Colleague: 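Just passing along the structure, written as structure tokens.
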Amino acid sequence: MKNNKRLKAKLEEINEYKVLMEDVIEVLGYTKLRYSLFAGRENNRDEFQVRIEYLDDHFEVYMTGERASVSGSKKYDEFFKAYKDFMYRIQSRVITNRKSVRNNEPPEYPCHLWDKKI
């Protein structure tokens with residue numbers, strides 16, 4: 001019974017984090033980027049996608065590469081450290097792909113955010 005209450009409280013906490021992150025992503029205009037918030041490691045995977053998960057009592061932030069392989073996974077005990085890493089990675093994708101477009105190189109995937117001037 002105690003474990004069920006603890007699990008329910010943790011799921012509610014994760015949902016609050018997800019809502020917070022969705023709001024920030026919307027404010028930044030990043031909703032068209034490839035990202036995943038607490039969907040589970042094997043769910044909704046895309047190539048070149050920034051992901052945050054809660055697994056085994058820690059937060060994990062990583063990016064998928066070609067064929068959705070995992071790249072550069074980092075684990076955090078605290079949400080806000082994971083959040084900072086996630087936001088850094090998502091913003092770096094915008095900058096990297098804008099530079100690629102500016103230099104007449106192909107971006108990771110099509111997105112209207114790449115077309116904005118640096």
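Predicted model only: the values in this text are computed from it and were never measured.
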Colleague: Does Glu108 have any side chain to side chain donor-acceptor pair (under 3.5 Å) partners at least two apart in sequence or in another chain, and if so, which?
Modeller: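 With neighbours one apart ignored, the set is Arg93, Asn97.
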Colleague: Do Phe86 and Ile25 come within less than 4.5 Å of each other through their side chains, counting heavy atoms only?
Modeller: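 Touching, per the 4.5 Å side-chain cut-off.
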Colleague: With side-chain hydrogen bond (donor to acceptor under 3.5 Å, both in side chains) as the test, pick out the partner of Tyr62 among Arg89, Lys75, Arg51.
Modeller: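 Filter result, single survivor: Arg51.
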Colleague: Same cluster or not: Met21 versus Val19, using hydrophobic residues (I, L, V, M, F, W, Y) connected whenever any side-chain heavy atoms lie under 4.5 Å apart?
Modeller: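 Not linked; separate clusters.
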Colleague: Do Glu47 side-chain atoms and Thr64 backbone N/O form a donor-acceptor pair below 3.5 Å?
Modeller: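 No: the side chain of Glu47 does not pair with the backbone of Thr64.
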Colleague: Tyr35: which residues meet the side chain to side chain donor-acceptor pair (under 3.5 Å) condition with it, sequence neighbours left out?
Modeller: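 For Tyr35 there are no side chain to side chain donor-acceptor pair (under 3.5 Å) partners, ignoring immediate neighbours.
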Colleague: Could you tell me if the side chain of Trp114 sits less than 4.5 Å from the side chain of Tyr109, heavy atoms only?
Modeller: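 In short, these two side chains touch, coming nearer than 4.5 Å.
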Colleague: Tell me every residue that passes side-chain contact (heavy atoms from CB on, under 4.5 Å) with Leu11, counting only those two or more places apart in sequence or in another chain.
Modeller: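 Once residues adjacent in sequence are excluded, the partners of Leu11 under the side-chain contact (heavy atoms from CB on, under 4.5 Å) criterion are Leu7.
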Colleague: Pairing donors with acceptors under 3.5 angstrom, does anything connect the side chains of Gln49 and Ser36?
Modeller: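 There is no such pair between these side chains.
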Colleague: What pairs with Glu78 under side-chain contact (heavy atoms from CB on, under 4.5 Å), at least two apart in sequence or on another chain?
Modeller: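 Result, side-chain contact (heavy atoms from CB on, under 4.5 Å) vs Glu78: Lys81.
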Colleague: How about Val94 and Leu33: do any of their side-chain heavy atoms sit closer than 4.5 Å?
Modeller: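 In contact.
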Colleague: State, with a plain yes or no, whether a side-chain heavy atom of Phe80 is found less than 4.5 Å away from one of Phe59.
Modeller: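 Not in contact.
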Colleague: Side-chain contact test, heavy atoms from C-beta onward, threshold under 4.5 Å: evaluate it for Tyr54 versus Tyr17 and give yes or no.
Modeller: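 Not touching, per the 4.5 Å side-chain cut-off.
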Colleague: Which pairs pass salt bridge (Lys or Arg N to Asp or Glu O under 4.0 Å) with one or both residues in residues 12-35, sequence neighbours excluded?
Modeller: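 Counting only pairs at least two positions apart or across chains, the salt bridge (Lys or Arg N to Asp or Glu O under 4.0 Å) contacts touching residues 12-35 are Lys10-Glu13.
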Colleague: With a cutoff of under 4.5 Å between side-chain heavy atoms, which Ile, Leu, Val, Met, Phe, Trp and Tyr residues group with Val27?
Modeller: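 Members alongside Val27: none; it stands by itself.
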Colleague: Less than 4.5 Å apart, side chain to side chain, heavy atoms only: is that true for Leu20 and Phe79?
Modeller: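 A side-chain contact under 4.5 Å exists here.
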